[in-house]
Amino acid sequence: MSDQAKARIDELRALLHKWNHEYHVLDKPSVSDFEYDQAMQELIQLEKQNPDYLAEDSPSHRVGGVALDVFEKVEHDTPMLSLGNAFNEEDLRDFDRRVRQGVGEQVAYICELKIDGLAVSLKYEDGLFVRGATRGDGTIGEDITQNLKTIRSIPLRLTKPVSLEVRGEAYMPKRSFEALNEVRYQAEEEPFANPRNAAAGSLRQLDPKLAAKRNLDIFVYGIGNGLNTGVISHSEGLNLLDELGFKTNNERKRCNGIDEVIEFVNGWHEKRPTLGYEIDGIVIKVDSLEQQDELGFTAKSPRWAIAYKFPAEEVVTRLIDIDLNVGRTGVITPTAILEPVRVAGTVVKRASLHNEDLIREKDIKLGDYVVVKKAGDIIPEVVNVLLERRTGDEKEFAMPSHCPECDSELVRIEGEVALRCINPMCPAQIREGLIHFVSRDAMNIEGLGERVISQLFKEKLIHDVADIYRLTKEQLVELERMGEKSATNLIQAIQASKTNSLEKLLFGLGIRHVGAKAAKTLAQQFETIDSLKQASVEELTAINEIGDKMADSVYTYFRSEEVQKLINELKELGVNTTYQGPKKVNVEEIDSYFAGKTIVLTGKLEILTRNEAKEKIELLGGKVSGSVSKNTDLLIAGEAAGSKLDQAKKHGVEIWDEEKLVLELNG
Ligand code: IVH
């Protein structure tokens, strides 16, 4: 190719990058849309003529590349967690109290808008955007790089050649949402219920050209591992993101103390409708990264941040009927059938009433006018009955004596409010068990949701979970609304689930009282399903997190002949039954200085990040605690250690510097 063409391509790429950043990030365009489009067309043309002169970050990728067959799964470098919720001032004050108990009185918070879109991770290597992914189950998401490249506020190249992972919320602005729904309405297509669904639906298009048409945008709100970037606070991190070329949200405020936070939160109740995008609350984060590190995480979310959720919208509608559902464990759940009504962006037709006691308590009758809201903005709930609107025609509701699915007699187990069908062959329970097996926290088989499982079950193609692994593509294409391609993808997803680690299978089997967390503990402890199968009740209860009830349930489960047969079948079908994650250590068996000791980390560490130090110590059987007490065995004092060092001296606790720690850890 000619040097001239090469030079022109370089020039166009640079110009388009600059114009793009000015328009989409800084909101300060310096050229007209016409000029931009012309330059883009010229670049596309030149790149077509010179296909060897490639660049991963060419602005031409913004218009969407080749369509994919399926999204690849990708593992996040650090898990993408979610946040705990606060619904009122009291919850915020409780959060503040917990924070101050952990790190002392000197705390500054950053308040940010909680954008109502979907979380994405963006990975950069040497300044180049290399991978974008959805949150997925927090550990494993989907590679949607091509679609994310079409979001023009996502830089394809940063202003510095740094390697980092950032996180943000991709969203659809209200105006784009309205325009999109108008087009869909005209084309007699189902409109999207809200901008969040529209954004999620757009990013899940296999054809990036379609995603490119959806006018999505993003606000980046954090760095995957901030400590690697040299910044010492979240607010500095956000400024760094701005400098690198990202779009962050400017409506943020650093607050000294919880009163200022509450003032910020209250202010946004009114200002919310004035924004061009939907927000569903305010996120409050501890600003200092050192304090964040000290506070750490629970299993699901950081202790240094909380999401304040705006109060749910409430509407009035009529309760037409009460339906009965049979759950996986046989529990009968009454569900209110409502006159369809719009609440917080979607049309609600049903709401769970949980159990008979709740119907009594709220004095709900058939035909009542009721107030409905969405709890946590997702799950519809009947708040109360409007007694003043009763006409006298309303009818009392009574729970049945027999299972609505299999007609066997229902029982009320002592101490429980729920009525239960105890027939193990009840088709509803089997169907629900299958749905649970394929769900996200269990075997996570994509494309195999409630609808497809119900169809397969109705067509008698599956009776138990092993049958899922016997399905053929030919059987699947026969189903309603299932094309060749979806069938192929589904078979692939089923195959892929065979390699899941044991805890997913254990949770999926639906053993009574065994939740996802307990399944993980059991898998870590026993490593194979065979050794778990042989465990005695005593061996099970010896594990810290396993109580009597769960131990009994696990033991009884594996004694069943049917269960043993099922597990053998799963193995024969190639389903993995071993644990594949990091091993849980037994403190007594570890020969290390740290085994059984309580260690406190303080000050700034230089060689290791605090998380790395914690992980390494824990791997060697030590426990890392946040505060110094008489039980502390050792304090690791980094740079500029403060009050904890003084306390440790007072208590006569052994004190090491980081270097000594590293030597011993490697030792
Ligand atoms: S910080 C450890 N900041 O809200 C999680 N999240 O559960 C840190 N979100 O799924 C999240 N705006 O996608 C953070 N300014 C903001 C946010 C934000 C929206 C979403 C996020 C996450 C959910 C919190």
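When a ligand or atom number is given, it counts from 1 through the structure's own listing order.
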Exactly one candidate in Asp143, Asn147, Thr145, Thr134 meets side-chain contact (heavy atoms from CB on, under 4.5 Å) with Phe71; the answer is Asn147
List in chain and number order the residues that pass salt bridge (charged side-chain N to carboxylate O under 4.0 Å, His left out) with Asp259, two or more places apart in sequence or in another chain; answer none if no residue qualifies.
Arg93
Could you tell me whether Lys174 sits above the aromatic face of Tyr277, with NZ or CZ closer than 6.0 angstrom to the six-membered ring centre and within 45 degrees of the axis?
no
When you measure from the centre of the six-membered ring of Tyr221, is the NZ or CZ of Arg167 under 6.0 Å away and within 45° of the axis?
no
Identify all pairs of nitrogen or oxygen atoms, one from ligand 1 and one from the protein, separated by less than 3.5 Å, and list them with distances.
unit_1	atom_1	unit_2	atom_2	d
ligand 1	3 (N)	Lys285	NZ	3.1
ligand 1	4 (O)	Lys114	NZ	3.3
ligand 1	7 (O)	Leu83	N	2.9
ligand 1	12 (N)	Ile115	N	3.1
ligand 1	13 (O)	Glu169	OE1	2.3
ligand 1	13 (O)	Tyr221	OH	3.0
ligand 1	15 (N)	Glu112	OE1	2.8
ligand 1	15 (N)	Leu113	O	3.2

What about Phe87 and Phe310, are their ring centers closer than 6.0 Å?
no
Any donor-acceptor pair under 3.5 Å linking the side-chain atoms of His234 with those of Glu112?
yes
